[in-house]
Amino acid sequence: MVESVEAVEQALARVRAIALELPEAAERLSHGAPGFHIVKGKFFAYFSHDHHRSGETAVLVKTSGAEEQGMLIEADPDLYYKPPYLGPSGWIAIRVAAPGTDWDHVADRIAASWEMVAPRRLLEMGGR
């Protein structure tokens, strides 16, 4: 199901606020969608809405790999799914436009993804 424009805009605003609160985080378009990366560094999150008419609105974040990705999907398939393109590299998609989204959980997953790509100097300074 494709969510309302308002729900999608609210979800993007929440994801953006969470991601840009992290040290040295920045936003830029990547393949036409908002992507969040560490300045002069790697991406740690992407916002996805109705990609290839999937009907999904999600934030895509890194996991530690296929094992963690599989465990998350198995534990809560209504929340998580394996996204196209990035999924084979261990990324996970978290549905974010539904009423009742647990934004604390989403923030934790985004922050954990940030930690996976953050340079050592940021982590040694205390990270997030």
Side-chain angles (χ1 to χ4, degrees):
M1 171 183 106
V2 176
E3 291 82 7
S4 71
V5 171
E6 182 180 341
V8 172
E9 288 175 356
Q10 289 175 352
L12 174 55
R14 294 289 296 265
V15 167
R16 181 178 281 133
I18 292 164
L20 295 179
E21 193 173 274
L22 295 165
E24 296 191 23
E27 178 180 349
R28 77 171 184 248
L29 287 180
S30 176
H31 300 89
F36 303 92
H37 63 100
I38 294 176
V39 175
K40 297 183 183 175
K42 296 179 180 179
F43 281 89
F44 61 89
Y46 296 93
F47 185 81
S48 175
H49 171 65
D50 202 22
H51 185 67
H52 291 296
R53 300 183 192 263
S54 68
E56 301 285 2
T57 300
V59 61
L60 284 54
V61 295
K62 293 179 72 67
T63 67
S64 60
E67 186 175 326
E68 180 183 14
Q69 179 193 58
M71 289 185 336
L72 290 168
I73 293 169
E74 183 178 327
D76 195 346
D78 292 332
L79 179 63
Y80 297 108
Y81 67 95
K82 186 175 180 176
Y85 307 110
L86 294 175
S89 297
W91 287 66
I92 194 82
I94 307 167
R95 293 176 177 94
V96 294
T101 296
D102 181 348
W103 287 104
D104 289 336
H105 178 74
V106 172
D108 284 344
R109 294 300 315 183
I110 291 172
S113 185
W114 177 91
E115 289 173 345
M116 290 180 200
V117 301
R120 178 170 290 189
R121 67 178 175 74
L122 287 179
L123 296 172
E124 288 174 351
M125 291 171 35
R128 56 177 164 136

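Numbering of residues begins at 1 and proceeds along the displayed sequence.
A search for side-chain hydrogen bond (donor to acceptor under 3.5 Å, both in side chains) contacts involving Glu27 returns Arg16, not counting sequence neighbours. Not a single salt bridge (charged side-chain N to carboxylate O under 4.0 Å, His left out) links Arg14 to another residue, sequence neighbours left out. For Tyr46, the ring pair (Phe, Tyr, Trp, His ring centres under 6.0 Å) partners at least two apart in sequence or on another chain are Phe43, Trp91. Evaluation of the side-chain contact (heavy atoms from CB on, under 4.5 Å) rule for Pro119 yields Ile38, Arg121, Leu122 as partners, not counting sequence neighbours. Applying the side-chain hydrogen bond (donor to acceptor under 3.5 Å, both in side chains) criterion to Tyr81, with sequence neighbours excluded, gives no partner residue. Residues that satisfy the side-chain hydrogen bond (donor to acceptor under 3.5 Å, both in side chains) test with Glu6, not counting sequence neighbours, are Gln10. The side-chain hydrogen bond (donor to acceptor under 3.5 Å, both in side chains) test applied to Glu21 returns no partner, not counting sequence neighbours. With sequence neighbours excluded, the residues forming a side-chain contact (heavy atoms from CB on, under 4.5 Å) with Ala26 are His37, Val39, listed by chain and number.
Between Val59 and Ala45, the shortest heavy-atom distance links the atoms CG2-CB, 4.2 Å. Here the closest heavy-atom approach between residue Ala7 and residue Ala97 is recorded as CB-O, 4.0 Å. Between Pro83 and Ala93, the closest heavy-atom pair is CD-N, 3.7 Å.
Applying the 4.5 Å side-chain rule to ILVMFWY residues, one finds that Met116 remains a lone member of its cluster.
Cluster annotation: Val8 is not connected to Leu60 through the hydrophobic network of ILVMFWY side chains, with a link wherever side-chain heavy atoms come within less than 4.5 Å. Note on Ile110 and Leu12: same hydrophobic cluster, where clusters join Ile, Leu, Val, Met, Phe, Trp and Tyr whose side-chain heavy atoms are under 4.5 Å apart, directly or indirectly. Leu86 and Val15 are members of different hydrophobic clusters when ILVMFWY side chains are connected at heavy-atom separations under 4.5 Å.
Put simply, the side chain of Ile18 does not reach to within 4.5 Å of the side chain of Phe36, judged on heavy atoms. Put simply, the side chain of Val61 does not reach to within 4.5 Å of the side chain of Trp114, judged on heavy atoms. Using a 4.5 Å cut-off on side-chain heavy atoms (C-beta onward), Thr63 and Arg109 make contact.
Residue pairs meeting the salt bridge (Lys or Arg N to Asp or Glu O under 4.0 Å) criterion with at least one partner in residues 84-106, sequence neighbours excluded, are Glu56-Arg95. Applying the salt bridge (Lys or Arg N to Asp or Glu O under 4.0 Å) test to residues at least two apart or on different chains, none of the pairs has a partner in residues 32-42.
Taking CD1 of Ile92 as the reference point, atom OG of Ser64 lies at 10.5 Å (rounded to 0.5 Å). Between His49 atom NE2 and Glu9 atom CD the span is 9.5 Å, to the nearest 0.5 Å.
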Just list the side-chain donor-acceptor pairs under 3.5 Å for residues 70-80, sequence neighbours left out, or say none.
residue	atom	partner	partner atom	Å
Asp76	OD1	Asp78	N	3.4
Asp76	OD1	Leu79	N	3.3
Tyr80	OH	His105	NE2	2.4

Exercise for the section: Kindly indicate, with the supporting measurements, whether the criterion ring-ring contact (aromatic ring centres under 6.0 Å, His included) is fulfilled by Tyr85 and His51. Expected result: CA-CA 11 Å; Tyr85 307 110; His51 185 67; 5.7 Å; yes
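Side-chain atoms of Gln69 come within 3.5 Å of backbone atoms of Gly87 as a donor-acceptor pair (strictly under, hydrogens ignored).
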